[in-house]
Colleague: 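Attaching a single structure in structure tokens format; questions to follow.
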Protein chains: 2
Amino acid sequence: MAPRYRQLRPYLLCTLVQLLDLGAGVGPVRVSTTELASVMGVSQQSASRHLRLLEGMGMVSRRVEAEGSLISISAEGLGVLGEVCGVLRRGLEDSAVEELSFEGTVFSGMYQGAYYLSQGDYLEQIREKLGFEPYLGTLNIRIREGDLERRRSLDRMPSVRIEGFRGQAREFGGGRCYPVVVNGEVEGALVVADRTSYDLSVMEIIAPVSLRERFGLRDGDTVRVMISGPRRSSS
Amino acid sequence: MAPRYRQLRPYLLCTLVQLLDLGAGVGPVRVSTTELASVMGVSQQSASRHLRLLEGMGMVSRRVEAEGSLISISAEGLGVLGEVCGVLRRGLEDSAVEELSFEGTVFSGMYQGAYYLSQGDYLEQIREKLGFEPYLGTLNIRIREGDLERRRSLDRMPSVRIEGFRGQAREFGGGRCYPVVVNGEVEGALVVADRTSYDLSVMEIIAPVSLRERFGLRDGDTVRVMISGPRRSSS
DNA sequence: ATTACTAGCTGTCGAGTAA
DNA sequence: TTTACTCGACAGCTAGTAA
């Protein structure tokens, strides 16, 4: 129940991972403390201390020489790393959420979507980062109360960041865009402004075409947006 | 070149891993700071601080409620963890050393092997941890000069620890035993005392039988010891 | 060029406690 | 019960420097 990797303080575990990345898992590797320090972004003294501590715990073995140290991770150390690897693999496997979709009802916003979109370099950013030229307007939908919980899973979906900027008179905030497919046909993006006036049950969608026209939508009609999950994280 | 996981201080990375282990990778999970603190072996205050920091960096998102917080790791966070996972997988894959074997020449030690073995609970420890009743004596071999480098790889081999103890008059040190196969036939163990008078070119071997008798060995004869590598570390 | 000591600074930790 | 504040203690950090 008590994982072995807790034996190591966090910073030592990170050093061990770095050593593995440097190849100290396969066999003795020549690494100087200066070198290790620079790749880890710490001082040479810290790298040196970490190595001494890891050696003292039997996690690595090394031979100190003039041109640097010969370092290899011990079976003990590999065991610890293997354990962490296991935790990560299991945890990340489960997180391969394929799809997340919401159903919502269309409602009229304050018709400010077009205004905002045309400000500054929003359009350019969308073109570049999302790969389409957005129709000047947003579709507002309100999702079911019961879907609020699932909406939070959005955080784990891939998104692209749209930067805010300072205009003449006021500031325009940034936000995140999640690529979505609307009604299974049109590719667009869900826009979540960093600071929005709407509550969490509201979603704003942009697309290359007018979604209202495309699907003949009126207020109260239902649309389905589908967000694709994160590509499997590995290698 | 600069890995994304360096964005996080080591202790935050560890907290993130723990959250993944608690299931925050798949979706919102109810975890109180007290709970997180106890599984991590830190104070509630630290757990709370870590969560706030991770949230501030966009690695996790959460909703604080009376009965604990709903926590889920963001896409950003999963990305970071995925990166670490990749490093570990690649590094550990390569480390699947299958076998390590040494050839050495037999020489006579100071015939103290039997004496040491019969002290305290050495015999009992060996019986329990190695699974055989050792012949009262050790076979000493000296490996080739050129194999000294490879000998260091021993650290990465699985071993069992034999604890030292304090006798009446003096102290008896601990050491490590590596299961080996001698001349491809007899299973025994290589003994590496924590503090030994021999240099690195010397190996001491114990086995359930007298190896000298079994193979008709005399000083200067050659034997081969084979150490099996660490079982693949995964899941 | 190394590694590693000492000294002093900083940031993390956890007890106490508020909300 | 929660979460999170303040603040004193100290672990870990870095600079300087020795070997």
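Atoms considered below: every heavy atom in the structure, side chains included; atoms not considered: hydrogens, waters and symmetry mates. Please read all numbers here as calculations on a predicted model, not as lab measurements. We name chains A, B, ... by the order of the sequence lines, and we start the count at 1 in each one.
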Colleague: Have a look at A:Ser43 and say if it touches a base, only the backbone sugar-phosphate, or nothing, with a 4.0 Å heavy-atom cut-off.
Modeller: base
Colleague: Does B:His50 or B:Gln44 map to a spot on DNA chain C nearer the 5' end, using the closest nucleotide for each?
Modeller: B:His50
Colleague: Would you classify A:Ser46 as touching base, sugar-phosphate or nothing, given that sugar-phosphate means primed atoms plus P, OP1 and OP2, and contacts are heavy atoms under 4.0 Å?
Modeller: base
Colleague: So, does B:Arg9 get its side chain near the phosphate of C:dT12, meaning an N or O under 4.0 Å from OP1 or OP2?
Modeller: yes
Colleague: For D:dT1, take OP1 and OP2 only and decide whether either is under 4.0 Å from a side-chain N or O of B:Arg30.
Modeller: no
Colleague: Just how far, in rounded Å, is C1' of C:dC13 from CG of B:Leu53?
Modeller: 13 Å
Colleague: Between B:Ser32 and D:dT1, is there a side-chain N or O to OP1/OP2 distance below 4.0 Å?
Modeller: no
Colleague: Output the single nucleotide from D:dG12, C:dA4, D:dA4 whose closest atom is nearest the side chain of A:Tyr11.
Modeller: D:dG12
Colleague: A:Leu12 CG to D:dA11 P: how many Å, rounded?
Modeller: 14 Å
Colleague: Do B:Leu36 and B:Thr15 have side chains that get closer than 4.5 Å, going by heavy atoms?
Modeller: yes
Colleague: Check B:Val160 against B:Lys129 and note the closest heavy-atom contact, atom names and distance.
Modeller: CG1-O, 4.0 Å
Colleague: Write down the distance between CZ (B:Arg49) and C1' (C:dA15), rounded to a whole number of angstrom.
Modeller: 13 Å
Colleague: Expressed as a whole number of angstroms, how long is the span from B:Leu36:CG to D:dT2:P?
Modeller: 13 Å
Colleague: Taking 4.0 Å as the cut-off, does a side-chain nitrogen or oxygen of B:Ser48 come that near to OP1 or OP2 on D:dT3?
Modeller: no
Colleague: Quick one: A:Arg63 CZ to C:dT2 C1', roughly how many Å, whole number?
Modeller: 16 Å
Colleague: Any side-chain heavy atom of A:Tyr11 within less than 4.5 Å of one from A:Val42?
Modeller: no
Colleague: Looking only at side-chain N and O atoms, does B:Arg52 come under 4.0 Å of OP1 or OP2 in D:dC5?
Modeller: yes
Colleague: Indicate whether any N or O donor in one side chain lies under 3.5 Å from an N or O acceptor in the other, for A:Arg142 and A:Thr105.
Modeller: no
Colleague: Please round to the nearest 0.5 Å and tell me the distance separating atom CD of B:Glu204 and atom OG1 of B:Thr138.
Modeller: 4.5 Å
Colleague: Check the distance between C:dT12's P and B:Leu54's CG and give it to me in whole angstrom.
Modeller: 12 Å
Colleague: Hey, is the side chain of A:Gln45 pairing donor to acceptor with the base of D:dG12 inside 3.5 Å?
Modeller: no
